[in-house]
Visitor: 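Next up is a structure, given as structure tokens.
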Amino acid sequence: MKLTKAQIEELYIFTRKHYVEYYDVQTELVDHLANDIESIWEEYPNLSFDEARNKSFKKFGIFGFMDVVNSKESQMTKKYFKLILKFTKQWFQLPKIILTIVLFVGFYQLQNIPNADVIYNGVFVCTLLSQIILLIINSRKLKKKFKITKKKWLFENVINIQGLGSNALLFFYFFDFPFSHTQDFLVMGDFRKVFSALLITFLVIIGYITLIVIPKKADKLLQETYPEFKLS
């Protein structure tokens, strides 16, 4: 016995009621439930749809769908950070490595001029504010889009929202800044100067990737992940 379209839609509603908000995760669970329900009907043909569905759902254990959701979130987060790593590697290959070296040398030399701390902190604050502003803009865009399509996509959320979690690294850099005044630059050893220049260069590159590169490629990345995305 096969499920009807109406029953398939009921399974989507069922997953939403059990706190699965992303359409791609819902679809994966609905496919699993549908196949399992049909298998259950082969063994127990007298069971109603609701009874077979509940029997299938019990197999997910006490936490229901949460283990599946957490697993998918972890999978998509890893996918996102692999993208960041991929684009970051490009900055250490020709021709972009030239710009990386220029940034590093520039930030290293900045430590020898007056008000160097102001410039360093300015770069940090601008990067941080840009990420916060983009986070707010993206959140509003996704909310508006959801009102129209009634669908949320996990990887889309990771790209537009969670990806900006690199703020954690920026906050660490800000609150544990290795120097607070220009004089600190002048008395630092060469190793700390190199480390400082490397760190701020890395943060600028990561900021550029998360703020500009990945958002520009978002639609393409999402269509590669979800072939049905462009139809939504």
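In this text, all values refer to a predicted model and were calculated from it rather than measured experimentally.
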Visitor: Could you check whether atom CG of Leu85 has more than 12 heavy atoms from other residues, nucleotides or ligands sitting under 6.0 Å from it?
Guide: yes
Visitor: Hey, do the aromatic rings of Phe155 and Tyr22 have their centres closer than 6.0 Å?
Guide: no
Visitor: Taking the side chain as everything from C-beta on, heavy atoms only, tell me whether Val204 gets closer than 4.5 Å to Phe107.
Guide: yes
Visitor: Please say yes or no: joined through hydrophobic side-chain contacts below 4.5 Å, possibly via intermediate residues, are Tyr23 and Ile13 part of one cluster?
Guide: no
Visitor: Taking all non-hydrogen atoms of both residues, which atom of Trp153 and which atom of Asp24 are closest, and how far apart?
Guide: CA-OD1, 3.5 Å
Visitor: Can you get from Phe87 to Leu99 by hopping between Ile, Leu, Val, Met, Phe, Trp and Tyr side chains that sit under 4.5 Å apart?
Guide: yes
Visitor: What heavy-atom pair brings Leu94 and Ile97 nearest, and what distance separates the two atoms?
Guide: CD2-CG2, 3.6 Å
Visitor: Out of curiosity, does Tyr19 fall in the hydrophobic cluster containing Leu29 (side-chain heavy atoms, cut-off under 4.5 Å, transitive links)?
Guide: no
Visitor: Hey, quick one: are Ile40 and Ile8 part of the same hydrophobic cluster, counting side-chain heavy atoms closer than 4.5 Å, chains of contacts allowed?
Guide: yes
Visitor: Answer yes or no: is there a donor N or O on one side and an acceptor on the other, between the side chain of Ser56 and the main chain of Asp36, under 3.5 Å?
Guide: no
Visitor: State whether the side chain of His32 and the backbone N or O of Glu28 hold a donor-acceptor pair below 3.5 Å, judged by distance alone.
Guide: no
Visitor: Answer yes or no: is there a side-chain heavy-atom contact under 4.5 Å between Ile159 and Lys79?
Guide: no
Visitor: What pair of heavy atoms forms the shortest contact from Asn160 to Leu135, and how long is it?
Guide: O-CD1, 4.3 Å
Visitor: Between Phe60 and Phe65, does the ring centre distance come in under 6.0 Å?
Guide: yes
Visitor: What I'd like to find out is whether the side chain of Tyr44 reaches to under 4.5 Å of the side chain of Leu47, using heavy atoms alone.
Guide: yes
Visitor: Kindly give the heavy-atom pair with the smallest separation between Leu222 and Glu156, and that separation in Å.
Guide: CD2-N, 3.4 Å
Visitor: In terms of side-chain heavy atoms, does Thr27 have a donor or acceptor partner in Tyr12 at a distance below 3.5 Å?
Guide: yes
Visitor: Of all residues at least two apart in sequence or in a different chain, which pass the side-chain contact (heavy atoms from CB on, under 4.5 Å) check with Val69?
Guide: Val20, Val25, Glu73
Visitor: If you draw a 6.0 Å radius around NZ in Lys58, do more than 12 non-hydrogen atoms from other residues or ligands fall strictly inside?
Guide: no
Visitor: If we only count heavy atoms from C-beta on, is the Phe49 to Leu3 side-chain gap below 4.5 Å?
Guide: yes
Visitor: Got a second to check how far Leu33's CG is from Gln26's CD, nearest 0.5 Å?
Guide: 11.5 Å
Visitor: Check for a donor-acceptor pair, side chain of Trp41 on one end and backbone N or O of Ala52 on the other, with a separation under 3.5 Å.
Guide: no
Visitor: Does Glu51 use its side chain to pair, donor to acceptor, with the backbone of Ser48 at less than 3.5 Å?
Guide: yes
Visitor: Just wondering, do Thr201 and Trp91 contact through their side chains at under 4.5 Å, heavy atoms?
Guide: no
Visitor: May I ask you to say whether Lys2 pairs ionically with Glu42, meaning some side-chain N is under 4.0 Å from a carboxylate O?
Guide: no
Visitor: Taking the side chain as C-beta and beyond, is there a heavy-atom pair between His18 and Phe57 under 4.5 Å?
Guide: yes
Visitor: So how far is it from Asp50 CG to Ile37 CD1, rounded to the nearest 0.5 Å?
Guide: 9.0 Å
Visitor: Is it the case that more than 12 heavy atoms not belonging to Lys217 sit under 6.0 Å from its NZ atom?
Guide: no
Visitor: Apply salt bridge (Lys or Arg N to Asp or Glu O under 4.0 Å) to the pair Arg16 and Glu9, showing each step before the final yes or no.
Guide: CA-CA 11 Å; Arg16 289 195 289 271; Glu9 185 56 37; 3.7 Å; yes
Visitor: Where the side chain of Ser71 meets the backbone of Asp67, is there a donor-acceptor pair that is under 3.5 Å apart?
Guide: no
Visitor: Are Lys152 and Phe146 in a cation-pi setup, meaning NZ or CZ lies under 6.0 angstrom from the ring centre and within 45 degrees of the ring axis?
Guide: yes
Visitor: How long is the gap from CG on Leu129 to CG on Leu134, to the nearest 0.5 Å?
Guide: 12.5 Å
Visitor: So, taking the atom named CD in Gln93 and the one named NZ in Lys89, what distance separates them when rounded to the nearest 0.5 Å?
Guide: 8.5 Å
Visitor: In Å and rounded to the nearest 0.5 Å, what is the CD to OG1 distance from Glu10 to Thr4?
Guide: 7.5 Å
Visitor: When rounded to the nearest 0.5 angstrom, what distance separates NZ in Lys216 from CD1 in Ile214?
Guide: 13.0 Å
Visitor: Can you get from Val213 to Phe92 by hopping between Ile, Leu, Val, Met, Phe, Trp and Tyr side chains that sit under 4.5 Å apart?
Guide: yes
